[in-house]
Amino acid sequence: MDVLGNYKSAISARSTDKDITRKSQDGGIITTLFAYALEEGIIDGAIVAGPSDEPWKPEPMVATTKAELLAAAGTRYTISPNLYLIKEATRSYGLDRVGIVGVPCQIQAVRKAQVYPIGMRDVDDKIALALGIYCMENLSYQALEAIVEDHCNQKMESVKKMDIGKGKFTVYTERGAVSQMPLKLIHKYVQPGCHVCLDYVANLADISSGSVGSPDGWSTVFVRSMKGNAVWDGAMAAGLFETQPMDQVKPGLDLVKKLATEKITKNQKHVDERKTIGLKADGTPKGLRNPYESP
Amino acid sequence: MADKISIGELHLSGCTGCLVTIADNYEGLFKLLDDYADLVYALTLVDVRHVPEMDVCLVEGSCCLNDELSVEELKEARAKSKVLVAYGACAAYGNITRFCRGGQWNQPAHESFVPISEVVDVDLYIPSCPPCPQQVRNVAVMAYLLLKGNDEQKQLATAYLTPLMQLAQRGNEACGCDLMYDVINQGLCMGCGTCAGTCPVRAVTMEYGKPNVNRDQCIKCGACYSQCPRSWFNFDVMNNYEGIMGAIKGAMQ
Ligand SMILES: Cc1cc2nc3c(=O)[nH]c(=O)nc-3n(C[C@H](O)[C@H](O)[C@H](O)COP(=O)(O)OP(=O)(O)OC[C@H]3O[C@@H](n4cnc5c(N)ncnc54)[C@H](O)[C@@H]3O)c2cc1C
Ligand code: SF4
Ligand code: SF4
Ligand code: SF4
């Protein structure tokens, strides 16, 4: 499969809802689509990364109103185990149509839960909308803290927004300060599990979105599945997005493709290297487990 | 119908939850029985006393070594079935029967319960306690395609069933600790939360994005590990999720 996965269309887009774009990370694609799907009864609720007691530490939550979606908008560059609510959403919350957002590996987990519902009773046909966000790598909360507090010299609780782009990790504070650090210094903090990840743009989502490829404040959107197509067309018809053709925006799809290729090539190499990480007594290679080959 | 496959359920030391799970497919069960499979052997559902020849045998429950009949029936089922499935966590991993140490009310001497693979060779695992109705349905449809389908369908069914067959090769012990041994220790966990979401007894919580297992609570069902996308992930099957789910849905209509 292509590094960008299967998709029906790629568009540069931005939400027309100012309440959303004020809070969202990029073009507000995810929050707008969930709000639309709630309104239309396509979903009864969505699993998103909600706020928690600690600054910038997300806590998965089931949002059933636009206000809750808004409270969870924006990116937290640390792990939010959204899948832990997937069965719960159909049980305690009683949802028949579940929306879920996740980074590519989480969308992979959603599809595995549907195709191989081993411990996921009555979940497979209740996933009504799986939205993906692009992801190069993710950080543990402690790693994020080290980056913000040690490298960028800002207190976690004073940060208004964090952003990754143009080779830098940027922190904006409530009082207007801007601190940056080069992205390449972040790599040593990345959680090890990300080094075997072979998906950049959430290939298995119904619709996936990220900032890369589009101008600031806009998002690059891949509409992928039949379900995704129907939802996207509906949201467009309702006037929820302004759009530009992908081939007319800068830096465009080529950059998305370049980054996806880089990530996948690098990580594939890592997966291959794991095969021969050590040597047995007789000198033959001793390897680590490859999750893509067998359990 | 001649082109149906035959399926049976051999009931060993289990709670019947797995059997009930088959029925939890509701009208889907009738569809399976109408078009794809004859149920040739099953406790209370089929009036057959002795283990017959069958294509697929689902074995529920672990095997009590102190119960001669269980051992004999299991061996007989192995000899008479093309595909033997450890159906549910007790058969695959022992599950709660791992905690048996005798002293039951009417059979005090029954105290040694082992996963069935300690007695016979097993072809395929369907873990979890209980397994999910949809997973049994998917395996039944895929087994049908494997045995009765055209070349393309055989290929799909093989790809689909392979990881479940590999689980049977992997071993007969599983608990939440496997997340530690085979996922986190191996540098593979990325904190998706699936393990915590899937655990039937809520023994797994997510602490700062990584799973923490309450080992006293874990019943050794193996669901968390087999559902984890980093225990195994087959791109050829999962990348075609729309087609596969469509095919299964189509088959059940
Ligand atoms: C770890 C990480 C790495 C990323 N890397 C890239 C990248 O390399 N290139 C790129 O273009 N984009 C990347 N993104 C995606 C980008 O930051 C935005 O999330 C995306 O563009 C969506 O913006 P939006 O305005 O459409 O969504 P919004 O309307 O702001 O909604 C974002 C949604 O994502 C959820 N969310 C927030 N944080 C997390 C999280 N940690 N885990 C799961 N869900 C979460 C929120 O709850 C919300 O529902 C990354 C995101 C994360 C979390
Ligand atoms: S890089 Fe891959 S494994 Fe890591 S968080 Fe992102 S999608 Fe998940
Ligand atoms: S399911 Fe696997 S990858 Fe996901 S959090 Fe649990 S152990 Fe980690
Ligand atoms: S932690 Fe839960 S899901 Fe995992 S084996 Fe134990 S009981 Fe089963």
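Labels below follow one simple rule: chain letters A, B, ... track the order of the sequence lines, proteins then strands, and each chain is numbered from 1. FYI, side chains are in, hydrogens and waters are out, and symmetry mates aren't considered; it's all heavy atoms of this structure.
- A distance of 14.0 Å separates CG in A:N290 from CH2 in B:W232, rounded to the nearest 0.5 Å.
- Between B:K249 and A:D124 no salt bridge is recorded (no basic side-chain N to carboxylate O distance below 4.0 Å).
- If you tally non-hydrogen atom pairs under 4.5 Å between each of B:V237, B:V136, B:I244 and chain A, the highest count goes to B:V237.
- Shown here for A:P117 and B:C132, the closest heavy-atom pair between the two residues is O-CB, 3.0 Å.
- Using a 4.5 Å cut-off on side-chain heavy atoms (C-beta onward), B:S231 and A:K112 make contact.
- Taking CD of B:E242 as the start and CZ of A:R224 as the end, the distance is 11.5 Å to the nearest 0.5 Å.
- A:Q108 is not listed as a side-chain neighbour of B:M238, based on a closest heavy-atom distance of 4.5 Å or more.
- Ranked by heavy-atom pairs under 4.5 Å with chain B, the list A:G119, A:P295, A:P192 is led by A:P295.
- Residues A:I79 and B:G191 share a closest heavy-atom pair of CG2-O, 3.1 Å.
- Of the listed residues (A:E293, A:R289, A:Q191), the greatest number of heavy-atom pairs within a distance under 4.5 Å of chain B belongs to A:R289.
- Between A:Q114 and B:Q134, the closest side-chain pair of non-hydrogen atoms is not below 4.5 Å.
- Here the side chains of B:T198 and A:I118 are not in contact, with every heavy-atom distance at 4.5 Å or above.
- Ranked by heavy-atom pairs shorter than 4.5 Å toward chain B, the options A:K87, A:Q106, A:R274, A:R111 are led by A:R111.
- Taking the six-membered ring where tryptophan is involved, the planes of B:F235 and A:Y292 are tilted, since the angle between them lies from 30° to 60°.
- A:K57 forms a cation-pi arrangement with B:Y208, by the criterion of a distance under 6.0 Å to the ring centre and an angle within 45° of the ring axis.
- Neither the backbone nor the side chain of B:C195 has a heavy atom closer than 4.5 Å to any heavy atom of chain A.
- Side-chain contact between A:L204 and B:Y241 is present, with heavy atoms from C-beta onward closer than 4.5 Å.
- Contacts between B:R230 and chain A at a heavy-atom distance below 4.5 Å involve backbone atoms as well as side-chain atoms.
- Contact annotation: the side chain of B:M190 never approaches that of A:E137 to less than 4.5 Å [non-hydrogen atoms, C-beta and beyond].
- No other option in B:T21, B:I248, B:D182, B:L164 has as many heavy-atom pairs under 4.5 Å with chain A as B:D182.
- When the candidates B:C221, B:A223, B:C192, B:G187 are compared by the number of heavy-atom contacts under 4.5 Å with chain A, B:C192 comes out ahead.
- Annotation for A:Q142: atom CD counts as buried by contact number, over 12 foreign heavy atoms lying within 6.0 Å.
- With B:N138 contributing its side chain and A:V115 its backbone, the two residues share a donor-acceptor pair below 3.5 Å.
- For the atom pair CZ of B:F233 and CG of A:D199, the computed distance is 8.0 Å after rounding to the nearest 0.5 Å.
- By the neighbour-count criterion of 12 heavy atoms within 6.0 Å, atom CG of B:N150 is densely surrounded, having more than that number from other residues, nucleotides or ligands.
- The shortest distance between side-chain heavy atoms of B:I126 and A:Y116 does not fall below 4.5 Å.
- Ion pairing between A:R121 and B:D24 holds under the 4.0 Å rule for side-chain N and carboxylate O.
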